[in-house]
2 protein chains.
Amino acid sequence: MNSQTLPVSKRVLIVEDHPIVSDSLSRMITETFGDTICVHAATGAKGLSYLNGNHFDIILLDINLPDMSGIDFCSQAKSRFPGLQVLVVTSLAQRHIIDRAVQAGVKGFVLKTSDIKDITEGIRQVMAGNSYFGTGVRNLMEGHSVSGTSEPVITRRESEILRLIADGLTNQEIADRLYISSSTVDSHRKNLLVKFNSKNTAALVKTAISKGII
Amino acid sequence: MNSQTLPVSKRVLIVEDHPIVSDSLSRMITETFGDTICVHAATGAKGLSYLNGNHFDIILLDINLPDMSGIDFCSQAKSRFPGLQVLVVTSLAQRHIIDRAVQAGVKGFVLKTSDIKDITEGIRQVMAGNSYFGTGVRNLMEGHSVSGTSEPVITRRESEILRLIADGLTNQEIADRLYISSSTVDSHRKNLLVKFNSKNTAALVKTAISKGII
DNA sequence: TTAAAAATCCCCGAAAAAGGGGAGCCCTCT
DNA sequence: AGAGGGCTCCCCTTTTTCGGGGATTTTTAA
């Protein structure tokens, strides 16, 4: 049973592990929107626990959290409370992160390198139910939307083997660990090279890490 | 003592590409130390240019800058103005970064994950001419002398070749580019494997990236 | 000035990866 | 029922890396 039509102050959940940033966000919100209740969570786990039984008008979410990714946080939060309005506030200006965040159900995405007005505008829009993507973000989304520069689609098995390759295991060692033939591992390895457009293992590992897959 | 007894306002240079953070730092400083003059630089180049002809009592410095590393900024700044008091305020809690920063001449190092009191204490100490290392930082520094987990010492040539390896070049290709024999590249490669305690190229690239060398 | 460190080059053989091909099995989705 | 994707496995050859030595010259620093 909700108590509606009461002039209650807005409730904001800030999931951010840098006190200096969450502090600044709280001030910005209070100055811009008047009386608000800002709850601060330094970890994803705490943030999720605060969601239980409490209503929040907006969640400001960092991607780099100590215990989990902000993407995972959003997925879990939205699966339990689909109506949540989430605005990502992060320093990571990478295409694949934006893509994943959108897929996880965020309503907005702004960068910490952005002007403060850009961030407050994001908060305003998302709180109003609209989606909002900051200046630096829109460029990234438009630029490579169609081109093949985006993240390659790899299967579960391939990503499993990719991690083992990056850990320095040979085809035979991976085969022994996964109870398959080294020929199979070799096939996966070759597919990975093609999918990542890499010439050899070294380049494969580097690009996989840079794209956030490892 | 109150702020009226202060002879002149302190001058602070904040080199930090996140407006939300530099804004918060400015507020913290003003609230804690009374009237101060905070100059804000979003890039290392701008920060260096502000140093010319201006005196600053303290520099608050981020490591992740758009145009250069905070380490490089500090080296360049200290070479021109040796008396500068630099406090690093960053989110990077890695040993090798702290080591390099100290070597570059910073007087203090605090983490953005730290409590705000910790950061203001760092500012206070460094401004007074003392050195200060925040809570999370001291822990990282202690494990230094004993553990062999720290960053391997590699030479200039080795790091040059390491980057080319990570880019997917073979020994022969690297040899052609550097005008040396592929045997030489092979020697460097073997030394890198030993120094990084890596079994093969894949593991080498991964650990090199994780240690921030690439 | 002299010793250490770095950079250069070479040998060998064994192991692994890369490049190319083909093929069967299982599951899902239409 | 057929198509496609994912996973599995195998063949071949060539290239590259890895492991293990050794050796010379150039820098660098004490």
Side-chain angles (χ1 to χ4, degrees), chain A residues 103 148 150-211 213-214, chain B residues 75 79 96 99-100 102-105 148 150-211 213-214:
Chain A
Q103 210 168 359
S150 65
E151 185 179 346
V153 181
I154 63 171
T155 67
R156 211 171 293 158
R157 198 57 152 177
E158 282 165 352
S159 95
E160 189 178 12
I161 285 170
L162 178 55
R163 280 166 221 279
L164 295 173
I165 289 173
D167 284 337
L169 278 69
T170 66
N171 288 342
Q172 189 57 57
E173 288 167 341
I174 295 171
D176 293 343
R177 183 174 297 198
L178 300 182
Y179 304 108
I180 56 179
S181 159
S182 67
S183 308
T184 306
V185 180
D186 193 51
S187 295
H188 287 304
R189 186 182 215 115
K190 286 170 182 170
N191 286 333
L192 285 166
L193 288 175
V194 172
K195 286 189 177 180
F196 281 82
N197 197 29
S198 297
K199 195 189 159 193
N200 55 32
T201 306
L204 173 67
V205 171
K206 188 192 171 194
T207 58
I209 292 175
S210 74
K211 289 183 184 293
I213 288 154
I214 294 182
Chain B
S75 301
S79 72
H96 62 97
D99 288 346
R100 288 184 190 171
V102 170
Q103 209 167 358
S150 66
E151 182 181 349
V153 181
I154 62 170
T155 67
R156 209 171 294 158
R157 198 57 152 175
E158 282 166 353
S159 92
E160 189 178 10
I161 286 171
L162 178 54
R163 280 165 222 280
L164 296 173
I165 288 173
D167 284 336
L169 278 70
T170 67
N171 288 342
Q172 189 57 55
E173 289 167 340
I174 295 170
D176 292 343
R177 182 172 300 200
L178 300 182
Y179 304 106
I180 57 178
S181 160
S182 66
S183 308
T184 307
V185 181
D186 192 52
S187 295
H188 287 305
R189 186 182 215 116
K190 286 170 182 171
N191 287 333
L192 285 165
L193 288 176
V194 172
K195 286 189 178 180
F196 281 82
N197 196 28
S198 296
K199 194 187 159 195
N200 55 33
T201 306
L204 173 67
V205 171
K206 187 193 171 192
T207 58
I209 292 175
S210 74
K211 288 183 184 293
I213 289 154
I214 294 182

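In what follows, every chain begins at residue 1, and chains take the letters A, B, ... in the order their sequences are listed. This one's a predicted model, so the numbers in the text were calculated from it and none came from an experiment.
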Closest nucleotide among C:dA7, D:dC10, D:dC7 to the A:R156 side chain: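 Selected nucleotide (nearest to the side chain): D:dC7.
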Within this structure, what is the [atom1]-to-[atom2] distance between [X] and [N], rounded to whole angstrom?
X	N	atom1	atom2	result
B:I154	C:dA5	CD1	C1'	15 Å
B:H188	C:dA7	NE2	P	6 Å
A:L204	C:dA17	CG	C1'	12 Å
B:N191	D:dG19	CG	P	13 Å
B:I161	C:dA6	CD1	C1'	12 Å
B:E158	D:dT27	CD	C1'	15 Å
B:E160	C:dA6	CD	C1'	13 Å

Among residues at least two apart in sequence or on other chains, which ones pass side chain to side chain donor-acceptor pair (under 3.5 Å) with [X]?
X	value
A:N200	none
A:R157	A:E160
A:D167	B:K206
B:S181	B:S183

To the nearest 10 degrees, how far apart in direction are the end axes of the helix from C:dT1-D:dA30 to C:dT30-D:dA1, each fit to five base pairs?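 About 60°, once rounded to a multiple of 10°.
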For [X], give me all partners under side chain to side chain contact (heavy atoms under 4.5 Å, CB included), at least two apart in sequence or on another chain.
X	value
B:K190	B:D186
B:S159	B:I154, B:R163
B:L193	B:S198, B:L204
B:R177	B:L164, B:L169

B:D99 and B:Q103: side chain donor to acceptor below 3.5 Å: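 No, B:Q103 and B:D99 have no side-chain donor paired with an acceptor closer than 3.5 Å.
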Report yes if a side-chain nitrogen or oxygen of [X] is closer than 4.0 Å to either non-bridging phosphate oxygen (OP1 or OP2) of [N]; otherwise report no.
X	N	value
A:T155	D:dC7	yes
A:S181	D:dT8	no
B:R189	D:dC18	yes

Where is the tightest heavy-atom contact between B:S75 and B:A104, given as atom of each residue plus distance?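 That closest heavy-atom pairing would be OG-CB, 3.5 Å.
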Exercise: identify the closest heavy-atom pair between A:A202 and B:T201: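 That would be CB-CG2, 3.5 Å.
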Can you pull out the residues from residues 163-178 of chain A that lie within a 4.0 Å heavy-atom distance of DNA chain C?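 Within this stretch, A:T170, A:N171 sit under 4.0 Å of the strand.
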Just wondering, do [Y] and [X] contact through their side chains at under 4.5 Å, heavy atoms?
X	Y	result
B:I161	B:L178	yes
B:I165	B:L192	yes
A:T155	A:N191	no

Strand-adjacent residues in residues 192-201 of chain B, judged by heavy atoms under 4.0 Å from DNA chain D: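 Within this stretch, B:L193, B:K199, B:N200, B:T201 sit under 4.0 Å of the strand.
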Close N or O pairs between protein and nucleotides 20-29 of chain C (under 3.5 Å):
residue, atom, partner, partner atom, Å
C:dG20, O6, A:K190, NZ, 2.9

For A:T184, report the nucleic acid contact type (base, sugar-phosphate, nothing); a contact means any heavy atom under 4.0 Å.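 Answer is base: heavy atoms of A:T184 come under 4.0 Å of a base.
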